[in-house]
Structures are given as C-alpha cells and as structure tokens.
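Could you have a look at this structure, given as structure tokens, before my questions?
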Amino acid sequence: MYEKILKKYPPDQENLIYILHEIQDSNPQNFVPEEAITVVSEYLKISAAHIHGVLTFYSMFSTAPRGRNVIRLCESPPCFLKGSEKILRKLRDLLQVKIGETTKDGIFTLELCACLGVCGNAPVMMINEDIYADLTEEKVEKIIAEIKGRA
Amino acid sequence: MKFYRSHLLIGIDDSSLQAGVKEFETALRNELAKHNLTDEINILETGTLGYFGTGISMLVYPEQVTYVNLKLEYIPEIVSEHFLKGRIVHKYILDKLSSKYDFNYQGRIVLKNSGVIDPENIEEYIGTGGYEAWEKALLEMKPEEIVAEVKASGLRGRGGAGFPAGLKWSFTQPLAAEQKYLVINADEGEPGTFKDRLIMEGDPHKLMEGIMIASYAIGATKAYIYIRGEYKLCISRLRKAIDQAKEYGLLGKNIFESGFDLDVEIKIGAGAYVCGEETALIESMEGNRGTPRSKPPFPGVKGAWQRPTVVNNVETITNVPAIIKNGAEWFKGFGVEGCTGTKVYTIMGDVSMPGLCEVDMGTELRKIINEFGGGMKNNRKFKAALVGGAAGVFLSEKLLDVKMDFNSLNEYAAVLGSGAILVMNEEVDIVEMLWSVIRFFRHESCGKCSPCSNGNEILYKLINNIRNGEGKEKDLDLMLHIAAVMNDTSFCALGESLLLPVKSAIENFREDFLQRMK
Amino acid sequence: MPIFINGREFELKPGETVLEVALRNDIYIPHLCFHPKTGKAGKCRACIVEVEGRRGLLTSCNLVAEEGMKVVTDSKQVKDAQKIIVDLILSSGHHDCLSCEQNGNCELQDAAYYLGIERPSFDLAPAEIETDNSSEFIFVDRSKCISCGRCVEGCTRTVVNEVLNFANRGFETRISFDNELPMGESTCVQCGECVQLCPVGAIIDSRMIGRGRTWELEKVETVCPYCGVGCKLEMHVDRQKNEIIRVTGVEDSPTNEGMLCVKGRYGFDFVSSQDRITTPLIKENGKFRAADWAEVIPYVGKKLKAIKKEFGSDAIAGLTSAKVTNEENFAFQKFMRSEIGTNNVDHCARL
Amino acid sequence: MTNDIAGIKDTDVIMIIGSDTSAAHPVIAARIKQAVREGTAQLIVIDPKKIVMADYAKIYAAQRPGSDVAVLNCLMHIIIKNDLYNKEFVEKRTEAFDKLKAEVMKDKYSPENVEKLSGIPAEKLIEIAEMFGKAETASIFYAMGITQHTTGTDNVKSVANIQMLCGNLGKSGGGVNPLRGQSNVQGACDMGGLPNVYPGYQKVTDEKAQEKFEKAWGKKLSNKVGLTVTEMIDEAYNGKVKALYVMGENPYLSDPDQNHVIEALNKTDFLIVQDMFITETAELADVVLPASAFAEKEGHFTNTERRVQRLNKVIDAPVGAKDDWEIIQLLAQEMGGKWNYKTVSDITAEINLLTPSYGGITWERVGRMGLQWPCPTETHPGTPYLHKGNFARGLGLFSGIEFKEPDELPDEEYPLILTTGRVLQHFHTGTMSRKTEGLNRLAGPMVMISVEDAEKMGIGNSEEIEILTRRGKIKAPAFVTKKISPGVIYIPFHYKESPANRLTNPAIDPVAKIPEYKVCAAKVQKIN
C-alpha cells in the first residue's frame, strides 16, 4: 500500500520527510504506522532508528493514531495575547479531551502548535490542511459542529 | 486584448479562504452575469491585499477603493450601485487611515505586486516588468558583477541577523565546486511573522526571479526552497510558479542559450522552529532531525551535502530583482545609512488594524503602529510592544520613538529580528506574555545542546512558579543568570533567544512580576 | 609558535582542538560529549573557554588550536557558566553516585567535582526512574542519560549498527532503540560499543552490577580468543576473587579501535566455569578417574613410546590448536617432529 | 590477509564473497560498514544468503553455492572483454596471462552462460564487473565460503587471478583478504602446525630446512609430508593411526561426517585430549590433560592481518591446570627430549631464531600494538601489506582455472543444497561461547529455509524439522526467511544438540584437503 507513495520519489534520504508527510496524510488515522517505518527503511536504506528520530522530532508527525481531524491550536505569543487560552478551554469542553488526546468517536485530536503565520488574524487554528482564523468561542463551536455534522 | 472598464482584485489568502472567498467570488460572477457586466468588469484573484481582520476584501480599479468584511448579502447592492451605477458603496469600504493603503505612501519593493496581480499567472508578473532583471543579469552581467551590485546596495539579510547579503554571496561565488546550492529559507516560524508567507502567496514569481539571479550570481545550478509544511497555499503557488517559469524557458537547461542551467525544487518542513537556523534547515533538507551543525565550516563553504550553499531568507531574495533592475544606488534611496531598502513589518496584537506594511528602514516604531497598525484598538493605552518576534524585546512606551532598523535598535539592546511587532495594551500582564514566550522556546528547543534544553526547562518551571504566585524575587535574578548563560553558551541562536525577552520583560516591567509575589 | 593555556606554553599538532591540546597536557576542562572516537559534538557545552581577542565563551572541543592563541580555562566567567551548565545536567536526572556502577569512572562526577557542585540545585529530575533491562547483557537507565550523543554516534558511525538514535526533541529528547523498542527486542547485536562510550551510568554492562567498584578492579590488556580479527581487549579483574568482571575494547588498538562483538565483550563465562577440568583424568574401564601430573605424564609417555616402537612414528598424529599461542603451537609441532618423529601434525585451520 | 585492516579506509570498492562478515568477523564488518557509510568505498556482496552486509551493498548477488569459480571467471571475462584490466600490472608484475585468458575468455564464462550456472542475472554480473574493474583500488574479503569446497584451492586461485588482473595487489586498500576464523589460526599455521611445513612455511621436504631444524633441535627429522586432519581421521578409521594427541580441538563437532569421526576416534588405541573442558571429543579420550585458558597465560596470537599481539596473564589458572606449553614440555622430557624452557619467552626467542618472517618479532619488541610479519630483523618495522614491488616468487603467476561442480549436487532424493557456517553469538564448536548462558539465550540451533521452500512443505517458523543427508539426520527449529534463496538451506555448526557436521560431506579439496562444508545435498521433512 505504500508502494505508490514510494515510487514517486527516488530512494534518497532527502525525500524522507516528503514520504512521511504523504504516508501520514494518506492514513485515515493521521499517523505514520510502525509497518510504514519498516517499508520506508528498506526503500531508502536508512535505519528504523533514523526514521523514528525524524518522526518524533517534527511536531507535524505522529507515531500514534489520531482522529480524522487534527486540530492544531496556535499557542504562540500573538495568539496567546488574543485569547488562545480561552479557545483552548472551549475546545477541551466541546471535545471532552485533554491536549494530545483523541475524541472517543475518533473524529478529533486536539493538539497545540507553534505559530502558524496567520498572526494578523489571531487566534488561529489549523484543522488538517485548513486554517481557521479570528477565532471566538462561538466560532469554534460552529466549526466543530460543522465538521462533526459532516462526519 | 480585451478592455475592461473595471478590474476587481479579490484577495485570496488563508484567512479569506476561511471566510468563504471562493463562494463569494462565484456569487459575484453570477450577479455580474445577471446584469450583463461580464465583458465590462474583470475579476482577478490576487494574493493578500494586506489587511487583516477584514475577512473577504476586494480592491476596485481604477477607483482604487477597497471593500472589506464582505458578505454574500452585500453583493446585489454593490453590483447594482457601484458597477452598474458607478456609485461607491461607502458603508462597506475602508476609508479611514487611507494612507496605510496608499501603496505609493508605503515604499513598496517586495510587496509591490502583492494584491495587484494574479499570483498564479506568470503573464501578469511579466506584465509588470517581471523577469527583466533576470534577463539582464544573465545576458549582460557577470556573476561577480551581480555580487558586487548587491554588495553595493547594502542589502542585509531579512531573516533576523541582518548579515549583508552581498558579502555572504562573495564567500561562495569564487569557490570552484562541482555543485553549489542556493537555499531559500521559507521556514517562517518566528511567532508574529508572516511576511514571507504573504510574499510567496502574493508574488511568487518575484521570489523566483530573485532565486534565478542569486543562483546565477553564486554559481548554483540547483536551488531549493525550504518551506514550512503548514504553508499549504504557498507551496501550491510556488509549485505553479516553478512550472510556469520552466514552461517559459526561465528555468531549466541552457536558459536563454546562455549555457546556464538552473533547477528549483521545493523541500518541505514538518514543524520545527529550529529549522529556521540555516544549518538545521540544511540537516532537515537532507532528511535528518533538524538540529544545527557546528560552524565552521560555514554553509557557504560546506553546506547541503557538504557542498557550498548560500542560505537566504525569502524577503532578502525578493529584493534582488529590483536591485538588479534599478541599480544599487536606487535601492540605497530607501532606508537609512547602513540599513538600506525597505522592511516588511507585521503588526498585530491590540491595534486597530493588524496587518503588514512595507516601509523604509529606519521608520519610527510609533509611526508604524499608529499609521499602519491603525493605532491602539478601542483607544486603549499602550503598554508594551514585543518587537522582533518571540526572540525580541518587550519595549515600553519610552522607546516608542526608536527607529526601526538593525543599527538603531541595537543601540537599545533590541533587535529588528523578523520585523514582527506585537502590541500590548495596559490590560496585558507581562508575566503572562513572558510565560507564553518561554513556553514557545521550551517547545521548540531541539535538544541538541544542554544549556538550551535544560535552560528552557528550568526557566519554564521558574516562570510557572511566579505565575502561580509561588515565585520569589531572587528567582528573577536566577532567571536572568540562566538566560545569560544560555545566551553565552548555547549551540545556536535558539538557545540565545530567551535572554532579550526575559531581560527586557523583567527590567522594563518588573512591577508586573513583583505583583505576583505579593 | 606555541599556544598559551592559562599562561603556560604548549606545542600544538596540526588540526588539534584546544580541548585536545589541554587534555594531552593534563589540563582538565570539563567535557561530557567529546570522546576521541566520536569526536567533537558541541552538545554539552561544558568545555567552554575564553580566548583573548575573541568575543564570548567558546567551546574548546570544536575550537581548532592556533599558534599564539591565548586560552583561559579557569576564569571566573568560565567557571560560573560551567557551573550552571553542569548543575543543570546533574539536576536533569537521577544521578546518585552512591549506588551508581560508574562511581569513580563517571565523567559527570569528575566535572561536578572540579566545579565544586555538591548536589543538584534545580528541580529538573523526572518523576520516575526509567530503566530497561530487556537486553541480555546491557542495562539502560534513561534517568541517568545526559543526551551527550556518544552512544548514538558510536552505534551509527563507529560500529554502524544504526540501532540507537535520539527520539523526540528539546528536554524530552531521549535515546531510542529502533523505533523505541525495548533494547532486548530491537535489532541491537549487543556489541557494547554504547556501554564503552557512555560517560555516565546510563548504559552499563548488566553483569557487572554489584560486582565491584571501578577502583577495586585491576585492568589487564590481552587479545580476544574468538575469531581471527584479534581484537585487543582490556579485562577488569577482581584480584581477590580471581574473576573477570567486565571487558572493554582497547581504544588505541589499530585492529579494533575499541570495538568488540557480543562474544568478545560478554562471552567469558567459560574461563571461570564450574566445568573446567582441574586435574588430569585417566580412563579406566570406560570411566574417567582423577590422576595427578606425576602419574599422568609417565603414563602417557609410556603409551606413546610403546606405540612408536611397535608401529613407528607415523602411527602417531597430533592436532595442535588454532586457539593456543604461537609459543604453544611451536612447542607442539616441535614435540611431534622431534620427539615423536612424525610430520603428522595439523589443526582445524580448514574447518 | 595480504593487506591490513586499517587499509580498508584506502579502498574504493570492496567485494565480499563467501563471508558472513558481520556474524563471523563483526569488527572487520564494522570497518567495512564505516567505509561505506563515509562514502569512501562501495560494497559488492556475493553470497547465497542475504547477509547483513548485503544491506550496505551497492550490489548484492546470490550465487548458487559452489559456483564461485564460474562467477569469478565470468567477472574476469567481462573485465578483459571491456578492457578494464590493469595492463601495466599484468605486463610488469605477472606471467602466464595467456593461460588465464585462454580459460576465462571461453564462451562458457559469458555473462549469459554464467547466469545459468550461478543464478546471478547476466546484467548484474556485468554491473559487478564494471564497478570492480573501474575501481582505482579494490579489495576482496572472503572466508570459509570460498575455501570449504572441493574446489577451494581453485576458488582461492581465482580470487588471486582477479586481483592480479586488476592490479589490486601490493598497495594499501587492495588485496586478497581471507578472514581467519580463529584467534590464532594464523599463528598455528605460521608456527608449522601443518603436516608439510616447519615454522615460517619452510618445507619439510626441503633438505636445507630439514638440516636447519635437525641442527637446532638435535634430532633426526622426517622428510615425509604428514597427514592432514581429515586424513588422520581416515587413517585412524583404517587402523593406521594408533595414537592421536588432540590439543584444544574438538573434531567430534568440527569435522565432517560425524558418525565417521566418532568411529575413527573410537578405533584409536590411545587418544589424548588436552583441553579446558571435557569436550565431546574428550569424552572419547583415554587421557585428558587440563589446560589453562587464554586469560591465564602469556604468549602471542597472530591475527588475520598477520599482526603478532601479546597475551597477558589476567587471572590465575585453576589449581591443577597447566599452560599447554608446560604440558608439552613435560611430555617431551618424558619422551627423552632435552627441553628446558623456563618461561614462554624462551620459546619466543627460539621462534625468532628459526622463523625468518618472525625474526624481528621478539618478546621485547611486540609492545602494546604488536608487529605484522614479515618482520625479519630487529630493526624492521613490520609489513602492513604484502607484495609491494614484487611477489615472493618474483612475478605473479596466473592460472587458468576451470569451473567444476561440487562433489555432491542435489537430486530427486535430496533436492536441497545444505550449506553451513557460523552465527554472531557463537564460536566454532561452542566450547567457549556456549558456557555463557546469555549467548545461548540469544542464539540457539536453527535451520534457515526460504519462505518458498517452507511454504511448499507447510513448514512454519520455529517449527522443529528434520534435516537429512546421505550421512545422517538431525533436528532443528526452522528459521523461515526471505534472506536465503529457494533451494538452499543453512545450518550453523556450533550446536552439539543439532550437529550440522553429522550431515556434511567429507569430500575434500585435493590440494588443501578442506572438506566441502558449503555444499551437499539434503532434504528436510516435517516431524509428525
């Protein structure tokens, strides 16, 4: 199942991060599973230890299953100033999870992240590939409800 | 070619997309069609228009008025009033602080086309005189002449450290190597900074042109753009720009039959602030954990895959086409001595109009906040500005008249950094802000060297104690001491970063800290 | 021109770093991540010095020594910063010298002692002690790990087994085997290079635990008895008990450069095995009985002489050994050739 | 090894053929992996098993066991055909190039034909030949995978042929590098532990040598070449060898066709075993003499790169055990010899005197790092690599080697090829390594079988199965893996409970008398 992704890249170590992104994005649980490490390790001829080291270094990657929608709320100073803590509390209430956890229905995982570069519209969060800006508690409620509805 | 009566520029960026700009655009087209205006009114998608907190916005030429915070239900009214009858609907336009949006008032170089042209269409860029500098550089200039010109312009790196770009190039240019690389640092991670994103979203071809000229100047036949994984729109626009440039023969083999080859590739990051450090960025590009390398050797001599590599920031490189086209003297007409050109600032926090502006180096902070940031929101009292990103300095009101350039800020032990200006009003508690800053660095420390990883951890514990009312005044001295040791001994700039915010917060706003100890 | 360290003059060799010149001349600069084999890492930052004419503090492990350079290793500024650095490292784990196997052979202990740090001052130690005893011969205590990276470097670049790496980042950085498997379940081949490189008590030989303090053990160099590579090794011996407690590779050996394999490092139980024969044995009626040397030598001599007399020298053959010394091989073939009178001598070179 | 271990840094291409390096010689494997990782060398691995080293190789090829001469001749065929050989070296330093050419240029060794013989695809053979031929300096490392064949001598000569052809001898980083399997197998050979030579490879048939040693030892010596180990067993079986003195060896497990060995040992009138343990062989002995271990004595080992290194006494031997040399001296004196060595170093001095290549390797000079022979005088610095400038015989002699099939090939009854070898955790017959329980827990007996063959027979991983050859039958758990080619099985020979040498073929190489451990016909079956 990883063949298709691997085939897109020559077997050079420099493509590791690209490959891991693609594997994670194509995974319904938004993570890089163990067996993928073995496959990539064989393809790129680099050790599992190296791949694991890379995976756990970058905050966008996960080695554990996550929800279908990964919420990454920015916690950097500009968003913090504009009330990201309030948004965080709201999200925790709505989803009934702690930071890093996945909702029981598997729809959401709540994470914190560093600056997303949309600070003019703080506070900001990213859900999968989409940015949600100028967040208010009401807006968050709407967004969560909408995604839940779609699921 | 068709002539249109009016051009409508709709800003497409992450925040307008989120506000439903696509839906809006479709509805607008339908409405125009309904009134048979399709042949008279041209709709263009452009990058960000540079206003924030303004949702969907649209710039109308030739009137040069901007509608902001647009909603679907406004469409019939605007179309019938403005486009049919020619009467501007004043209640929806942005009319206050008009100076901010007068691009002639801002000395725009890098953002000249942003919000004016369709960033996904190379012809529009060419229409503004784009790629002329590239042709001139490649066909009329020798690499060393380009380096000399950039050196003469006084252009300094816009990533934060302010190292002269021409000087950096001059180390690599003469090296005889089988392969050299140019790497564009687009891993914009400094909190409060999004200038590079807007450049790439709004005018990707200008960055491409800068890359071409710089690559030729240093003798690199391969350039990489290392961009953070979160910047999805940038990545797609850059990909398009590369494809189009290839199609137009601006990239590839034997460009303009000059014998020069150039290939540009995008590398994406995966969430690590430290990768903004050039050697960590190189490690990441090679598929490793993004931890910094020891210098020397410097990347200019041994960089990516141990070959000479020049790493430049997006904004720096985007200045290059204009310098080549108009000459170093022209460029020196902007800014102040020692810090020439313009600088893109991002202004946010408790201001009326968060956004960005590009103004001459050396513009006073007060002016930037008041004129381009719209002044304090709700007329609250100014308390502090965190200038230069999270690694910047908490400035108090006393310092509001400082000139914003590398040298002037240095005099106040402050830094220009990435040009981020986070404004705080009187209600803000600096303890909270410093906590947030320390939390950020603790999260982003790469763990390679001990003073940074252990130092950030203990500073976080200490500020937590203070925040929880368990701190003692001597903790402030300890924090300063640890931050100073981190600054003196850390492997890379990340570990050095906390000294300025910790020191400035504690020194300039000591009362806030003591308040928590009562 | 020489280099000046703390006012004293020293010759320098091309390419040497300031730390190397200092160590070569017995000037101690605290250092935790540098090891001659894994080289400069610049990670611990404890080896900072001041250099006249240069701004700030510089790490001596990656500072190339230059002629005329004036280095100070013990100024107040240097030692103050070192104290914070080492104190933070000491505070970040459970470094309990009393119970630690590396006591007396610990580079963190050396650094702390030099800087006069009696006990950790910061509240940084993890709440729990995290150990891994899944490996047959190697014991890991992550709460003692200082992330110096020597083991990772050694596993990756020296023995090139590529099992060890760092995982996570920042303060959470930790060493990991493959993708964070227990060591015993990973692809680790237990060559023990990581043990040999660890400056503290984080990765140790599990079988040395509780069997002797480092200063009580005597070290003797010899050669590995297994394959033909001839790795030089150092045996750490408890003289009282006449026992080999642990084995390390000799770092400056051109043959193995300190490396060993799992047999060479851990396969020595046979020496003190209960199964060793301690007396000559003579078989009588299908069973062995103990004999002494005074009896057995004439017994064997008589038999050999008789066979030689009756069937000739070539009716006797001898197998010498690929596992005994040159001198013993020489003696054996000399015995067969000169005393028995045959060239029927061979060994299992071919098997 | 013609070359030294440190020289691995100087080579551009390394070919490993017939050596599971990371299992049998882990530290040399590490040196090779370092060179690959640092990018100074590219690696070619040719082995029927996809050994760990294959993971580091630019090219890996699995040959059918026993087809090495065909493969090496084919590589030379391509190298000559594509004009990649070192003409200057061939012209100035070798002779009989015509003979080599006449053989290897036969159509039989074209890549297409050797693909049929060896199972290695023709393109891969070409790729290997190109990489090897174009290298500035290339080295070959091999072990018993090359020598333990009825064509072992041919295999070794072929390795020498290709290295002369490419001019890879007499320089650092090149060489013909057999990896010696035991701590002092090199020294045992150097010291004349062989039936045809005195110490320093001085032939017993050479009158001058005989005279020299007779004079030194004051005894009349035989000029008749003696029996090799396999011949001793055969002659014991035939009743011609009446007494056997075995020092530190375990033929019970190490020699081929175990049942035959046991019978032969039982047939001797007098079997003396000198060892640390009651080995399987010692069980059969008439007398057992307790010897001290390596850590209990002084002396020297000579390693695979000809480096003579000092053993120091680490601990005391158990009371009752003696150093081997002391026992030998006692026996010699008993036999009437006037031996009078007071210390080990007295013997070392005699070695210096009688062994030209060891002339300068005196007790005093060895030092911590040892000395590499040849080192004829006390001022000679030792020799890191051989054949610099010229060969011992003057010009290097090419020989045309014809490919011959192994003695026993698979057939309908025994359809598989059995090959044997070592694992990382154990050593030889396990006398030493198996005393460490931890090592036993890490690696026990097994038979490696391909996924394809296992599936065909319904054999699961870890399932105990029977392995049979014409010589006997053993049981071992199956290790089902993709790392071995279909049609081939592999068994390590360390284990007395699953003794691989009960199965192996005693057919020997006519010159070196090495048994063909690496190929025999076998079958496996499930245990019901």
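Letters A, B, ... are given to chains in the order of the sequence lines, protein chains preceding strands, and every chain is numbered from 1.
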Discussion item. Please classify the contact between S313(C) and chain D as side chain, backbone, both or neither, with a heavy-atom cut-off of under 4.5 Å.
Written reply: neither
Item to complete: Pick one of side chain, backbone, both or neither for V250(C), based on which atoms fall under 4.5 Å of a heavy atom in chain D.
Response: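 The answer is the side chain of V250(C).
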Worksheet item: D238(C) versus chain D, heavy atoms under 4.5 Å apart: side chain, backbone, both or neither?
Response: neither
Worksheet entry | Portion of K313(D) that has a non-hydrogen atom of chain C nearer than 4.5 angstrom | backbone
Discussion item. Would the distance check show the side chain of K305(C) and the main-chain N or O of E334(D) forming a donor-acceptor pair, the cut-off being under 3.5 Å?
Written reply: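 Checked: pair present.
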Worksheet item: Do you know which of R337(C), K283(C), M235(C) has the most heavy-atom pairs with chain D at a distance under 4.5 angstrom?
Response: R337(C)
Discussion item. Taking the side chain as everything from C-beta on, heavy atoms only, tell me whether F270(D) gets closer than 4.5 Å to V300(C).
Written reply: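 Of all side-chain heavy-atom pairs linking V300(C) with F270(D), at least one is under 4.5 Å.
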Discussion item. Counting only non-hydrogen atoms closer than 4.5 Å, does Q148(D) touch chain C with its backbone (N, CA, C, O), its side chain (CB onward), both, or neither?
Written reply: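 The side chain, not the backbone.
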Practice prompt. Heavy-atom distances under 4.5 Å only: say whether K302(C) touches chain D with side chain, backbone, both or neither.
Written response: neither
Worksheet item: Is chain D contacted by the side chain of I307(C), its backbone, both, or neither, given a heavy-atom distance below 4.5 Å?
Response: side chain
Discussion item. Need one label for E235(D): side chain, backbone, both or neither, based on atoms under 4.5 Å from any heavy atom in chain C.
Written reply: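 It is neither, since no heavy atom gets under 4.5 Å.
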Worksheet item: With only heavy atoms counted, which part of E298(D) is less than 4.5 Å from chain C, the side chain, the backbone, both or neither?
Response: backbone
Fill in: Best-contacting candidate, L354(D), D346(D), T147(D), V197(D), against chain C by heavy atom pairs under 4.5 angstrom
V197(D)
Item to complete: State, yes or no, whether a side-chain contact exists between L281(C) and L289(D) at a heavy-atom distance under 4.5 Å.
Response: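 No - every pair of side-chain heavy atoms lies 4.5 Å or more apart.
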Worksheet item: Do any N or O atoms from the side chain of N184(D) and from the backbone of V324(C) form a donor-acceptor pair under 3.5 angstrom?
Response: yes
Worksheet item: Just by distance, do the side chain of S183(D) and the backbone of P225(C) share a donor-acceptor pair under 3.5 Å?
Response: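 Checking the backbone N and O of P225(C) against the side chain of S183(D), a donor-acceptor pair under 3.5 Å is found.
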Practice prompt. Measure the CE-NZ distance between M191(D) and K334(C) for me, rounded to the nearest 0.5 Å.
Written response: 13.5 Å
Worksheet entry | Within-4.5 Å side-chain heavy-atom neighbours: D286(D) and I282(C) |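 Side-chain contact under 4.5 Å: no.
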Worksheet item: Considering only heavy atoms, which portion of D324(D) lies under 4.5 Å from any heavy atom of chain C: side chain, backbone, both, or neither?
Response: both
Discussion item. For V319(D), which atoms come within 4.5 Å of any heavy atom of chain C: side chain, backbone, both, or neither?
Written reply: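 Only the backbone of V319(D) comes within 4.5 Å of chain C.
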Item to complete: Please look at T255(C) and chain D and tell me whether the side chain, the backbone, both or neither of the residue comes under 4.5 angstrom of a heavy atom of that chain.
Response: both
Worksheet entry | Residue F288(C) versus chain D: region with a heavy atom under 4.5 Å | side chain
Worksheet entry | Interchain contact, A236(D) with chain C, by part (heavy-atom threshold 4.5 Å) | neither
Worksheet item: Hey, does the side chain of K242(D) reach the backbone of A315(C) with a donor-acceptor pair shorter than 3.5 angstrom?
Response: no
Worksheet entry | Distance (rounded to the nearest 0.5 Å) between L424(D) CG and Q190(C) CD |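 It is 9.5 Å, given to the nearest 0.5 Å.
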Practice prompt. Measure K224(D) against the heavy atoms of chain C and call it side chain, backbone, both or neither at under 4.5 Å.
Written response: both
Discussion item. Are the side chains of Y245(D) and I316(C) in contact, using a 4.5 Å heavy-atom criterion?
Written reply: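 In short, these two side chains do not touch, never coming nearer than 4.5 Å.
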Worksheet item: Taking the side chain as C-beta and beyond, is there a heavy-atom pair between M335(D) and L304(C) under 4.5 Å?
Response: yes
Item to complete: Decide whether E327(C) and H300(D) meet the rule of one side-chain donor and one side-chain acceptor closer than 3.5 Å.
Response: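 Checked: E327(C)/H300(D) side chains pair up, N/O donor to acceptor below 3.5 Å.
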Worksheet item: At a heavy-atom separation under 4.5 Å, does E136(C) approach chain D through its side chain, its backbone, both, or neither?
Response: side chain
Item to complete: State whether the side chain of T222(C) and the backbone N or O of L311(D) hold a donor-acceptor pair below 3.5 Å, judged by distance alone.
Response: no
Item to complete: Select one option (side chain, backbone, both, neither) describing which atoms of C348(C) are under 4.5 Å from chain D's heavy atoms.
Response: both
Worksheet item: Could you give the distance from CG (D346(C)) to CG (L227(D)), rounded to the nearest 0.5 Å?
Response: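 Rounded to the nearest 0.5 Å, the CG-CG separation comes out at 9.0 Å.
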Worksheet item: So which part of L331(D) gets closer than 4.5 Å to some heavy atom of chain C, the side chain, the backbone, both or neither?
Response: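 Both parts, backbone and side chain.
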Worksheet item: Between R368(D) (side chain) and S253(C) (backbone), is there a donor-acceptor pair under 3.5 Å?
Response: no
Worksheet item: Do E162(C) and Y56(D) meet the criterion of a side-chain donor-acceptor pair at a distance under 3.5 Å?
Response: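 Yes, because at least one side-chain N or O of E162(C) sits under 3.5 Å from a partner of the opposite role on Y56(D).
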Worksheet item: Would you find a donor on one side and an acceptor on the other, under 3.5 Å apart, between the side chain of W217(D) and the backbone of F335(C)?
Response: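 Such a contact is absent between W217(D) side chain and F335(C) backbone.
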Practice prompt. May I ask you to test the P254(C)-R307(D) pair for a side-chain heavy-atom distance under 4.5 Å?
Written response: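 They are in side-chain contact.
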Fill in: Spatial distance of atom CG (N303(D)) from atom CG (N256(C)) [nearest 0.5 Å]
9.5 Å
Worksheet entry | Which atoms of H426(D) approach chain C - backbone, side chain, both or neither, heavy atom under 4.5 Å |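 Just the backbone, heavy atoms under 4.5 Å.
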Fill in: Ring centre gap for F270(C) and F427(D) strictly below 6.0 Å
no
Worksheet item: F137(C) versus chain D, heavy atoms under 4.5 Å apart: side chain, backbone, both or neither?
Response: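 Contact with chain D is through the side chain of F137(C) alone.
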Worksheet item: N343(C) and N196(D): side-chain donor and acceptor closer than 3.5 Å?
Response: no
Discussion item. Between F301(D) and K323(C), is there a side-chain heavy-atom distance shorter than 4.5 Å?
Written reply: no
Item to complete: Using atom types as modelled and distance alone, determine if a side-chain donor or acceptor of Q34(D) lies under 3.5 Å from a backbone N or O of T158(C).
Response: yes
Practice prompt. Using modelled atom types only, decide if a donor and an acceptor are shared between the side chain of Q309(D) and the backbone of V223(C) within a distance under 3.5 Å.
Written response: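 Looks like no, no N/O pair under 3.5 Å.
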Worksheet entry | Separation between CD1 of I327(D) and CZ of F332(C), rounded to the nearest 0.5 Å |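 It comes to 11.0 Å.
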Practice prompt. Assess whether ring-ring contact (aromatic ring centres under 6.0 Å, His included) is satisfied between F294(D) and F268(C), documenting all intermediate values.
Written response: CA-CA 11 Å; F294(D) 81 104; F268(C) 289 96; 5.8 Å; yes
Worksheet item: In Å and rounded to the nearest 0.5 Å, what is the CG to CD distance from D269(D) to E310(C)?
Response: 8.0 Å
Worksheet item: Is there side-chain contact between V271(C) and E296(D), with heavy atoms separated by less than 4.5 Å?
Response: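 With C-beta onward as the side chain, the pair touches.
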